[in-house]
Amino acid sequence: MGQGIAMPAALAALSGGLLAGWGGAQEGAWLLPLVFLLALLWVAVWRPHALIWVLISAAVAISIQQERSHRLPVGLNGQDLAVHAKVVDVQRHQDATRLRLVIERCTSPAPLVACDQLHRVRVSAYDTQEYRVGERWQMTLRLRPPGGFKNPDTFNYEQWLWREGIHATGYIRSEPAPQRLEQASPRLRQWALDVLAQLPLAPRTQRWLAALTLGDSEQLTQEDWALLNATGTTHLVVISGLHVGLVASFVLLLGRFGARLISPTNWRLRTWPWWLAGAAAVGYATLAGLAPPAMRAMIMTLLGLWVLSGRHAPGPWQAWWLALALVLMVDPLALWRPGLWLSFVAVGWLIIIWQGRAKPHGVKGWCWALLRSQLLLAPLMAAAVLIAFGRVAPASPLVNLLAVPWVSSVMVPTALLGWLLSPLPVIGLVPWWTFEQALAIFHQLLVVAVKAAPLWQPPVHLGYPLAGSLVLLALCWGLPAVPRWLRIGAVVLVLTTPWWPREQAIPPGQLQVTIYDVGQGQLIELRSARFRLLYDTGPRFRSGFMPLQSLWPPGQFFDHVMVSHADTDHAGGVDALLTDHHVSQWSAPAGESVAVHHQRCAQGQRWQQDGISYHVLWPPTGENTLSSNDRSCVLLVQAGEHSVLITGDVGRQVERQLLTQLESRISVLVAGHHGSATSSGVQFVRETQPQHVVFSAGRDNAFQHPVDDVVRRFRQQGSCLWSTAHDGALAFSLIPQQPITFQPMRLLAGGHKRC
């Protein structure tokens with residue numbers, strides 16, 4: 001196969017995926033069939049031989065469009081659906097069990113909205129049922145279309161759901177109780193996991209064995225992932241080309257050794273060892289569940305074996321393009337997975353830096369080859385990870401230099417040997433005991449590396465310049481005939497880029513406000529030149545997740561955190577702040593249990609910082625019998641002629657008492673109680689006449705916040721209305737003598753008039 005076939009096939013698959021992604025929105029859906037119709041007409045008239053490339057592109061695009069058709073219809077959002085489903089993945093957590101289900105039958109409660117297209121869902125189970133992969137259940141689900149929070153420079157959960165092929169999220173209803181319809185059929189992978197669970201090994205050893213040999217990386221804890229991310233070694237744990245390649249190489253060596261014994265005169269001509277190695281790669285990837293990384297590694301390993309066999313084999317670049325084409329045709333959603341591009345960038349760069357070089361010989365030669373490859377690969381992969389995830393693991397080059405040979409030559413072989421010898425009662429434990437000791441050394445290496453050089457998330461304005469300098473460093477040292485002065489200059493550029501001038505500081509007298517998208521809850525950040533205040537900390541969900549955890553890297557400093565009251569949707573992130581960040585001062589109303597030592601938030605408190613005035617309007621001093629909502633801290637912030645009023649969850653009666661303390665029209669009002677009917681009374685809205693109103697509410701929330709009456713009330717006053725449910729996080733600045741301009745993270749489809 002020549003490059004004339006492999007490259008066009010890959011480009012055709014790539015273009016089909018990009019076209020489907022570009023024309024997939026509702027307003028652009030008509031573009032896709034039009035483009036392919038024009039392409040078919042052009043092929044029929046001018047390039048008949050190119051028909052195969054149009055068909056490949058169309059097949060990928062149609063597959064992606066079919067994925068969109070499986071999404072939960074909007075009309076079934078929050079409805080109870082009776083389904084028959086098969087369990088395909090189980091993740092057990094302390095407070096809940098997360099399941100991935102394949103829907104086999106679905107009954108819609110709405111006669112005009114069908115759910116028969118719904119296919120894969122991710123749900124939480126809060127009952128005591130024991131779910132196992134492969135079981136079939138009858139259950140009632142409450143689902144919502146795939147979505148996530150929209151905040152600046154954070155993980156895009158909605159895009160992750162898309163590329164994982166998940167068409168709805170939600171939870172299992174406890175009533176009616178789920179019923180098991182069919183036990184899980186015997187599965188080799190599940191049997192292997194059960195064997196691991198019964199072994200006399202440490203829990204850490206069991207979960208790392210499951211990840212390294214069976215592809216069950218979900219067993220790794222958050223602490224494990226944090227350690228791997230901080231050292232840039234996640235690729236060593238997820239089933240990848242390293243693991244599948246090692247299995248294939250080991251089987252190939254055994255096969256060729258057997259061929260040499262059977263036919264010593266012409267053993268080099270035997271093809272069956274290569275076929276045996278290919279079968280081992282397929283079998284191992286299948287055992288690992290054929291997840292996208294395992295499937296990608298299997299395809300690349302098979303093509304690598306073909307190239308190395310030398311029998312009518314393509315060259316390295318032809319195989320690279322062919323692998324890309326096959327992966328996109330088999331799994332079109334891989335186009336949106338960073339792992340795909342990290343893998344292909346790494347392999348492509350290795351081809352470049354080794355093309356034309358002689359094969360290494362001897363132990364010394366192979367050690368030098370490994371050292372050279374790792375050093376030249378490290379800056380390019382650091383740049384790719386920085387662009388994809390916005391972070392850099394400074395210790396990654398050195399750690400991988402030691403970890404890659406350790407994992408590939410010690411840990412993985414002993415882990416696999418343990419499976420081969422597992423039927424033997426005592427001898428079978430010896431390899432796994434060796435693996436346990438090797439894992440302890442590897443783990444200690446990662447811990448030391450993280451302490452010496454923790455994970456670094458550079459400021460946003462430095463992300464692309466730093467990535468560009470790392471790419472330049474890789475090119476200067478990886479490509480031949482590059483002048484020495486340019487190579488040294490690339491090193492200096494990488495070392496000096498982090499010290500470039502920072503973003504312009506906030507001038508005194510100006511205030512930057514960000515109202516974060518945290519679902520049904522509230523979290524507001526106010527920043528001036530030398531002061532950073534948080535009003536509320538967002539919710540804590542039943543599963544234990546706190547949205548605050550996803551907003552900033554650990555180690556942030558906050559001068560003041562004001563918790564309006566102790567409800568979970570306002571104080572749910574306190575634990576995350578205590579664990580990961582530093583807070584100089586806490587405040588909350590008297591009588592509220594906030595799980596942290598705090599000073600009392602009370603009416604009359606005032607302070608100024610950087611020319612900004614802060615005034616606490618509520619609750620009153622002294623003991624009171626107010627409800628928790630009506631005890632909320634009410635904060636008025638003023639910058640020049642502009643003002644921001646945050647009222648927490650206080651009700652209409654308290655709002656009327658606040659009017660005596662307000663002297664002018666409010667510039668920005670964060671609506672009370674997320675837009676509930678209990679707040680934003682008629683008199684309060686008329687008197688404050690807010691120019692902008694923000695509703696901090698969850699998308700498709702069960703309370704239907706903001707309620708219609710409240711929205712209508714503000715519209716009658718001519719207020720500009722914003723909602724985190726639809727707009728995502730909202731950022732604006734209070735600059736004296738300048739109008740307020742909002743910057744929403746998410747815009748409603750088609751746009752809408754706000755003022």
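Along the sequence shown, the residues carry numbers beginning at 1.
When all heavy atoms of V307 and A319 are compared, the closest pair comes out as CG2-CB, 3.6 Å. When all heavy atoms are compared, the tightest approach of P405 to N400 is CD-O, 3.9 Å.
When atom types are taken as modelled, the side chain of S469 and the backbone of V494 share no donor-acceptor pair closer than 3.5 angstrom. Between the side chain of E525 and the backbone N or O of T514, no donor-acceptor pair lies under 3.5 Å. The backbone N or O of A576 sits nowhere less than 3.5 Å from a side-chain atom of T579 that would complete a donor-acceptor pair. Under the 3.5 Å distance criterion, the side-chain polar atoms of R163 are left unmatched by any main-chain donor or acceptor of R337. D224 places a side-chain N or O within 3.5 Å of a backbone atom of T221 that can act as its donor or acceptor partner. Without hydrogens or angle criteria, N151 side chain to L551 main chain gives no donor-acceptor distance under 3.5 Å. Although no hydrogens or angles enter the test, the distance criterion places a donor-acceptor pair under 3.5 Å between the side chain of E436 and the main chain of A202. Between the side chain of W354 and the main chain of W349, no donor-acceptor pair closer than 3.5 Å is present. Checking side-chain atoms of H581 against main-chain N and O of Q556 turns up a donor-acceptor pair under 3.5 Å.
M546 CE to T537 OG1: the interatomic distance, rounded to the nearest 0.5 Å, is 9.0 Å. Put simply, OG1 on T205 and CG on L439 are 5.5 Å apart, with the number rounded to the nearest 0.5 Å. Interatomic distance, CG of L196 versus OG1 of T213, reported as 6.0 Å (0.5 Å rounding). A distance of 10.0 Å separates CG of L577 from CD of Q549, quoted to the nearest 0.5 Å.
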When the side chains of residues 471-487 are checked against the rest of the protein, which donor-acceptor pairs come out under 3.5 Å, sequence neighbours left out?
from	atom 1	to	atom 2	distance (Å)
W477	NE1	R487	O	3.3
R487	NE	C476	O	2.7
R487	NH2	L479	O	3.1

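At least one cation-pi condition fails for R122 and W160: the charged atom is not both under 6.0 angstrom from the six-membered ring centre and inside a 45 degree cone around its axis.
Contact check for T497 versus L470: no side-chain heavy atoms found under the 4.5 Å cut-off.
Within a 6.0 Å sphere centred on CD1 of I441, other residues, nucleotides and ligands contribute more than 12 heavy atoms. Around atom CZ of F155, more than 12 heavy atoms belonging to other residues, nucleotides or ligands sit under 6.0 Å away. Counting heavy-atom neighbours within 6.0 Å of F257 CZ, excluding the residue itself, gives a total of 12 or less.
Residues that satisfy the ring pair (Phe, Tyr, Trp, His ring centres under 6.0 Å) test with F545, not counting sequence neighbours, are absent from this structure.
Listed by first and then second residue, the ring pair (Phe, Tyr, Trp, His ring centres under 6.0 Å) pairs that reach into residues 426-450 are W208-F442, W419-W432, sequence neighbours excluded.
Aromatic ring pairs are classed by plane angle as parallel below 30°, tilted from 30° to 60° and perpendicular above 60°; the pair W320 and W317 is perpendicular.
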